[in-house]
Amino acid sequence: MDSFRVSRTTLPPPALARAGLTATAMLLLAAAVAPAAALNQFPTPSPTPPPAAATPADPLAAAQRQYRHGDYEGALAAAEQGCANDVFNEAWWVLRAQVLLTLGRAPDAATVLTQAVRYSSQSIRVRLLARDAALATQHDDEALRDLQEARRLIDTRGQRDHTPEFLASVGDAALLLGAEPKLVLENFLRPAQTGNPPAREAWLSAGRLALEKHDYALASRTFSDANKLYSDDPDMLGGLAAAFQGSGDNEKFLDYAAQALDVNDHHIPTRLLLVDNLIEGEQYDAAREMITQILTVNPLQPDALAMRAVIERLDNHPELADADRAKALSAWNTNPRVDYLIGQKLSRNYRFTDAADAQRRALAFDSKYTPARIELAQDLLRLGQADEGWALIDQAHKEDGYDVEAYNLVTLHDRLATYTNIENDNFLVRMSADEAPIYGQRVLALLEKARATLTAKYGFKLTKKTTVEIFSTPGDFAVRTFGAPGEAGFLAVCFGSVITVNSPALSSANWEAVLWHEFTHVITLTMTENKMPRWLSEGISVYEESQANPGWGQLMTLNYRDRITDGKMKPVSNMSAAFLTASDPHAINFA
């Protein structure tokens, strides 16, 4: 399940025509193969030898290298001179606009691109950048016209231009026009990757497409091969960092992030990845400092401002959070990504109600913004609002049959339909039909005992029914819990009123102790509205295990003692970060 999947109703190649691509674009797809079960069934192309390095006689390549290495002012000066000296060379205009957009100077970029259109009227890339600048300056109608013009250029140039750069531009435009990702990848991006010379943008687009669809295995392969062509390119190294962060390999993520910043210390995409990692570890001051560094490059960088809004919300500064959100939307006031990011990060910190509200705001800006729909569905499932959550997942999968997370969840929903429900006034327990007759009633009895004991002890009344789902396969547990298979080291997870558990048949752990532990989380997370450090919640749950049964819980061992005496015990201020840096399940337990 770690690859792109097609929709259950597979769209044939004419889907491109319905998406707005016309006759010539269809000719480009005449050799399209029948839709496969996954995008990555197409082999990743073998990298061809890299283009020659820039020389003093190649000012354009030298200026592009300045841009990629973070010398933005130097690259801008060179691009301005290049546009003046070689007015019909679209690459100079593209570079000049890219630098201005990176610096947050969207109005200047829009002005430059208006000039560029005069001299490069046949350039799809110029039109796509003009669309970006129009969106960033709140000119939605102009953005739509630029995309329509790109579509026209595909039709008029397609019969005579099959160069790698053109195909890469067509691929990017086709994705924005709603074409099927698999067809775009096979017919535009892959040929552009293997051209002579290969189109760098095609490698970037293919890798970013895989990241967008949550196919981290394909993303890592794509960026790894691209890195052989462009070994000092921070975009490729940053892409690798993103792929390994998504797959949960924290060591490789940090390694490639460091390599990207070695090349370009101002590389905003990589710094944003590191901000995300710091927020996960509740290292808010360090995250703020990193965001400040990003804003020195681009004072209106929306992702950075959205993440700072998250930090202020988590740090109980709602007025500052609202101010950062407003500033993030100041350039493009209907940008759905701002609230999507805010909601995504709040959800990772168990603020599911606030996260769901943020995703609804994102969808109010753009009702077809599938990432927000998937995140909202996940939040609702974790809040126990299963009917609406599963309906949204099904809708998202129909709209985007290539998103791995949506596919995994739709498949899981079908399997859950075969599970047995055991229910009373306080609990809904779902478990496999094979296991339910064996110990299902014992599960319910234990949960009732835990509820009676802990609500009395903490003086707290639960008003909402608790859902407990016990999965007979680790893959299903991981998909329900994390959105994708592959997460290891977890016996169970509590979201508040929803608990997901690996079946006792899958481990040697005492299932009764596990359920008591998780129900303690129900109490503490509900009492605090999920506003407590992870390490404190875990510590209370472990303590309550031992109070319920002296044979339960985790006691001091020589291994744990050695970790403390060897200086591996993190201070309380960094305790939550220990979950991110754990090297094995024992390290997670220690955290």
Side-chain angles (χ1 to χ4, degrees), residues 51-139 142-143 145-146 149-150 153 163-166 168-169 172-173 197 199-201 204-205 230 232-235 238 260 263-271 293-302 304 330-332:
T55 67
D58 188 358
L60 175 61
Q64 290 170 334
R65 182 177 178 84
Q66 281 181 293
Y67 171 56
R68 288 168 196 155
H69 284 233
D71 181 6
Y72 300 130
E73 295 300 335
L76 182 58
E80 290 171 346
Q81 188 63 48
C83 289
N85 295 341
D86 193 1
V87 71
F88 292 105
N89 186 342
E90 73 175 73
W92 281 118
W93 295 102
V94 167
L95 176 61
R96 188 174 172 186
Q98 286 174 331
V99 177
L100 289 169
L101 288 170
T102 297
L103 295 174
R105 295 169 55 181
D108 293 340
T111 299
V112 165
L113 288 161
T114 299
Q115 294 176 275
V117 167
R118 299 175 192 165
Y119 302 109
S120 301
S121 60
Q122 299 299 301
S123 171
I124 294 174
R125 184 66 61 194
V126 165
R127 288 292 182 176
L128 294 182
L129 284 169
R131 173 186 177 273
D132 291 342
L135 289 174
T137 52
Q138 305 200 55
H139 291 90
E142 290 182 19
R145 284 196 296 271
D146 285 320
E149 181 62 19
L153 290 171
T163 61
E165 289 296 336
F166 175 73
S169 298
D172 288 345
R200 173 183 175 275
E201 292 298 325
L204 268 181
S205 297
Y230 314 98
D232 62 346
D233 191 317
D235 287 334
V263 177
N264 179 358
D265 189 50
H266 305 296
H267 194 244
I268 289 176
T270 300
R271 286 196 172 275
Q293 293 170 343
I294 294 171
L295 297 179
T296 59
V297 176
N298 180 352
L300 294 178
Q301 215 294 323
S330 62
W332 176 12

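Not measured: the values here are computed from a predicted model. The figures here come from the full heavy-atom set of this structure, side chains too, leaving out hydrogens, waters and symmetry mates. In this chain, residues are counted from 1 in sequence order.
Between Ser330 and Leu300, some side-chain heavy-atom pair lies under the 4.5 Å cut-off. Proximity of Leu60 to Asn89: side-chain heavy atoms (C-beta onward) are separated by under 4.5 Å at one or more points. Annotation: side chain of Leu76 is in contact with side chain of Arg105 (closest heavy-atom distance under 4.5 Å). Looking only at side-chain heavy atoms (C-beta outward), Leu103 and Val297 come within less than 4.5 Å of each other. Between Thr114 and Val112, the closest side-chain pair of non-hydrogen atoms is not below 4.5 Å. Using a 4.5 Å cut-off on side-chain heavy atoms (C-beta onward), Asp172 and Arg125 make contact.
When all heavy atoms of Asp71 and Gly74 are compared, the pair lying nearest together is OD1-N, 3.0 Å. Between Ala63 and Ala78, the shortest heavy-atom contact is CB-CB, 3.7 Å. The minimum heavy-atom distance linking Val263 with Pro234 is given by the pair CG1-CD, 3.7 Å. Residue Val99 comes nearest to Ala75 through the heavy atom pair CG2-CB, 4.1 Å, listed as atom of the first residue, atom of the second, then distance. Minimum interatomic distance between Thr102 and Ile268 (heavy atoms only, all atoms of both residues): O-CD1, 4.0 Å. Nearest heavy-atom pair, Leu295 versus Ala304, reported as atom, atom and distance to 0.1 Å: CD2-CB, 4.1 Å.
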What verdict does the side-chain contact (heavy atoms from CB on, under 4.5 Å) test give for Asp235 and His267, after you've listed the backbone C-alpha separation in whole Å, the side-chain angles of each residue and the deciding distance to 0.1 Å?
CA-CA 8 Å; Asp235 287 334; His267 194 244; 2.7 Å; yes
Dump the intermediate steps for side-chain contact (heavy atoms from CB on, under 4.5 Å) on Asp146 and Leu128, then the final yes or no.
CA-CA 7 Å; Asp146 285 320; Leu128 294 182; over 6 Å; no
Go through the steps for Ile124 and Arg127 under the test side-chain contact (heavy atoms from CB on, under 4.5 Å), then give the verdict.
CA-CA 5 Å; Ile124 294 174; Arg127 288 292 182 176; 5.5 Å; no
Are Val117 and Trp93 close enough, and set up right, to give a side-chain contact (heavy atoms from CB on, under 4.5 Å), and what steps lead you there?
CA-CA 9 Å; Val117 167; Trp93 295 102; over 6 Å; no
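Summarising the geometry, atom CD belonging to Gln81 is positioned 11.0 Å from atom CG belonging to Asp86; distances are rounded to the nearest 0.5 Å. With rounding to the nearest 0.5 Å, the separation of CD in Glu149 from CD in Glu142 is 13.5 Å. Going from atom CG of Leu100 over to atom CG of Asn298 covers 11.0 Å, rounded to the nearest 0.5 Å.
Under a 3.5 Å cut-off, the side chain of Ser121 and the backbone N or O of Arg118 do not form any donor-acceptor pair. Put simply, the side chain of Trp92 never gets that close to the backbone of Asn85: no donor and acceptor are under 3.5 Å apart. Ser120 contributes no side-chain N or O that, together with a main-chain N or O of Ser123, makes up a donor-acceptor pair within less than 3.5 Å. Counting only distance, with no hydrogens or angles, the side chain of Gln293 and the backbone of Arg271 share no donor-acceptor pair below 3.5 Å.
Note: His266 and Tyr72 have tilted aromatic rings, judged against thresholds of 30 and 60 degrees for the angle between ring planes.
When each of His69, Arg68, Arg65 is checked for a side chain to side chain contact (heavy atoms under 4.5 Å, CB included) with Asp233, only Arg68 meets the rule.
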